[in-house]
2 protein chains.
Amino acid sequence: MSEAPRTPSGRVPGKKEDGRTARARSTRARIVTAAAELFTTAGYTTTSITAIAAKAEVSEPTVYYSFGTKRAILTTALDLAVAGDDEPIPTLERQWVRDALADPDPLGQLRRQVAGAADIYLRAAPLLDVVRSAATTDPDLAEVWAANLQQRLTVQRVFTDALARKTTLRDGLTAEAAADVALAVLSPENYNLLVAHRGWSHQQWQDWAVDALTRLLTPADGHA
Amino acid sequence: MSEAPRTPSGRVPGKKEDGRTARARSTRARIVTAAAELFTTAGYTTTSITAIAAKAEVSEPTVYYSFGTKRAILTTALDLAVAGDDEPIPTLERQWVRDALADPDPLGQLRRQVAGAADIYLRAAPLLDVVRSAATTDPDLAEVWAANLQQRLTVQRVFTDALARKTTLRDGLTAEAAADVALAVLSPENYNLLVAHRGWSHQQWQDWAVDALTRLLTPADGHA
DNA sequence: ACATTCTTATAGTGTGACTATGAAAACTCC
DNA sequence: GGAGTTTTCATAGTCACACTATAAGAATGT
C-alpha cells in the first residue's frame with residue numbers, strides 16, 4: 001500500500017526499469033496520446049473508451065488495466081501537456097519562473113512570464129479546455145480544474161507581488177486585484193479564443209499579452 | 001407544416017391564447033426555470049430529465065412532450081436569459097445598442113456597451129458557461145455556442161467600427177483586431193472568472209472593463 | 001520451470017436519454 | 001352536454017457507454 005512517487009507517464013523516477021514495466025509504460029503512452037488527440041478533436045464525452053483503445057491499438061480491457069477510468073487518462077494527458085516533460089516539478093520551481101522573478105526589469109519579467117504561459121498553452125490549451133468542459137459532468141474533474149485554476153492564481157500572485165516590488169502598480173490597484181487581472185488576461189480561455197478561434201499567431205498573442213499587462217497593471221508613463 | 005414565429009418561451013406573438021396553450025406554456029416555463037437552476041448548479045450532463053421533471057412537478061413524458069430533447073430545454077433557457085424578456089429582438093436592434101452607437105463620446109459608448117454586456121451576463125453568464133461546456137458533448141449545442149460567439153463578434157465589430165469613427169484607435173490597431181480584443185475583454189468567461197470565481201462585484205467588473213477597453217483600444221493621452 | 005506482470009476475450013451491470021403505445025384529464029366548440 | 005382536440009401521465013422498452021468480473025493467454029524475470 002506504500003505509494004511510490006510517479007511521473008505523469010507512470011514512471012517511478014530513479015528506479016531501474018523492468019522490460020515489462022517499460023512495455024507497460026509505452027502502452028500507457030500510446031493510450032494517452034491517442035486519447036489526447038481524440039479528446040481535443042471530438043470532445044471528452046464523445047470519445048468512447050472503445051475508440052481510444054482502437055486508436056491506440058490495444059484492447060479495451062488493457063485501457064482499464066492501465067488507467068482504471070477515463071478520467072485518469074485525461075488527467076494524465078493534462079499533466080504531461082502542462083509540464084511538457086516527464087518531471088514532476090511544480091510550476092513555481094521551474095527555471096523560467098525563477099528567471100522571470102529574478103529579472104530586475106518589470107517589462108522583462110512580464111515578457112518572461114507571458115512567454116512561459118504561452119509555452120504551456122501551446123501544448124496544453126486544448127486539453128485545458130477539455131478539462132474545463134468535462135468539469136461540469138464529472139465532480140472529480142471539477143476538482144482537477146479548480147486545482148489548476150487555484151494554481152494559476154497562486155502563480156500570478158507571486159508574479160504581481162514581485163512586480164510590485166520592482167515598480168509601482170497603478171493607482172488604487174492592489175497586488176491582489178492585479179493578480180486577478182493577470183489571471184484573466186493570461187487565461188487559457190483567452191488564449192484559445194484569440195489564437196485557436198480568431199486566428200492570432202502564437203507570437204501575436206504574446207505581444208498583445210505583454211502590452212495588455214503593461215497597460216493594465218502599471219501606470220501610464222509617456223513613452224507609449 | 002407552416003411554422004409560426006415564436007418567442008423563446010413558446011408563445012406566438014399577437015395571437016389570442018387558448019386556455020390550453022396558456023396552461024401548456026406555463027408548464028414549459030416551470031420546466032425551463034427548474035432546468036436552468038439545475039443546469040447551473042449541478043451541470044448539464046449531471047442533471048437528468050427525471051430530476052428536471054421532479055423539480056418542475058410534472059411527469060417525465062410531459063417534459064419530452066413539451067421540449068422533445070434535453071438540449072431544447074437548455075437552448076430555450078439560454079434564449080430567455082440572454083434576451084431578458086420574451087421578445088425575439090436581435091441584440092443589434094436592442095435600444096441600448098442603438099444608444100451606445102449614437103453616443104458621440106467614445107468613452108460614453110464604451111460605458112454603454114459594457115453596461116449592456118454586464119446586464120446580459122448578470123442573467124445569462126452561468127447558462128452560457130453551461131452551453132459552452134456541453135458544446136463538447138453535443139454537436140448541436142456546439143453549433144449553438146458557435147452561433148453565440150459569432151454573434152458577439154459581430155456586435156463587437158459594429159461597436160469598434162463606430163468607435164473608430166469617433167476617435168482614433170491605437171497605432172497599428174485595426175478595427176478587426178480591436179473587435180477581437182473587445183470580444184476577449186467582454187467575454188462571459190472573463191465575467192465568470194472575475195465575478196463568480198474571484199468575487200468581484202458586478203459594478204467592479206464594469207468599471208474595470210471600461211478602463212481596460214479604453215487603455216487597450218484608444219491611444220494613451222496624458223490625463224490618466 | 002515457475003511466478004509475476006501485462007494483455008486480451010467474453011459476458012455482464014447500471015445509468016440515463018429517448019421512443020412507443022395508449023389512456024386519462026382538461027379545454028374548445030357546437 | 002357531448003364530440004373532438006390538446007395536454008398530461010403511466011408503463012415498458014431500446015440503445016450507448018462507462019465500468020466490472022472472471023478467466024485465460026502471452027511476455028518477462030528469477
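In what follows, chains carry the letters A, B, and so on, assigned in the order in which the sequence lines appear, proteins first and then strands, with residues in each chain numbered from 1.
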Are any protein N/O atoms closer than 3.5 Å to N/O atoms in nucleotides 4-10 of chain D? If there are, list each pair with its distance.
{"unit_1": "D:dT5", "atom_1": "O2", "unit_2": "B:Arg20", "atom_2": "NH1", "d": "2.4"}
{"unit_1": "D:dT6", "atom_1": "O4'", "unit_2": "B:Arg20", "atom_2": "NH1", "d": "3.4"}
{"unit_1": "D:dT7", "atom_1": "OP2", "unit_2": "B:Tyr65", "atom_2": "OH", "d": "2.8"}
{"unit_1": "D:dT8", "atom_1": "OP1", "unit_2": "B:Thr27", "atom_2": "OG1", "d": "2.9"}
{"unit_1": "D:dC9", "atom_1": "OP2", "unit_2": "B:Ser59", "atom_2": "N", "d": "2.8"}
{"unit_1": "D:dC9", "atom_1": "OP2", "unit_2": "B:Ser59", "atom_2": "OG", "d": "3.2"}
{"unit_1": "D:dC9", "atom_1": "OP2", "unit_2": "B:Thr62", "atom_2": "OG1", "d": "2.4"}
{"unit_1": "D:dC9", "atom_1": "O5'", "unit_2": "B:Ser59", "atom_2": "OG", "d": "3.4"}

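C:dG16 atom P lies 13 Å from atom CG of B:Leu38, rounded to whole Å. Distance, A:Ile31 CD1 to C:dC6 P: 12 Å, rounded to whole Å. The separation between A:Asp138 atom CG and C:dT15 atom C1' is 15 Å, rounded to whole Å. For the pair B:Tyr64 OH and D:dA12 P, the interatomic distance rounds to 18 Å; values are reported in whole Å. For B:Lys70 and C:dG16, the NZ to C1' distance is 8 Å, given to the nearest whole Å. Regarding A:Ile49, its CD1 atom lies at a distance of 17 Å from the C1' atom of C:dG12, rounded to whole Å.
No side-chain heavy atom of A:Thr33 sits under 4.5 Å from any side-chain heavy atom of A:Glu37. You'll find the side chain of A:Arg30 stays beyond 4.5 Å of the side chain of A:Lys55, heavy atoms only. With a 4.5 Å cut-off on side-chain heavy atoms, B:Arg28 and B:Ile31 do not count as touching.
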Task: From CA spacing to verdict: salt bridge (Lys or Arg N to Asp or Glu O under 4.0 Å), A:Glu189, A:Arg132 - done: CA-CA 10 Å; A:Glu189 291 91 345; A:Arg132 178 186 151 86; 3.0 Å; yes
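In this structure, the ring of B:Tyr191 has its center less than 6.0 angstrom from the ring center of B:His202.
Every pair passing side chain to side chain donor-acceptor pair (under 3.5 Å) that includes a residue from residues 40-53 of chain B is listed here, sequence neighbours excluded: B:Thr50-B:Glu60.
In this structure, B:Thr47 reaches the sugar-phosphate backbone alone: every heavy-atom distance under 4.0 Å involves primed, P, OP1 or OP2 atoms, never a base.
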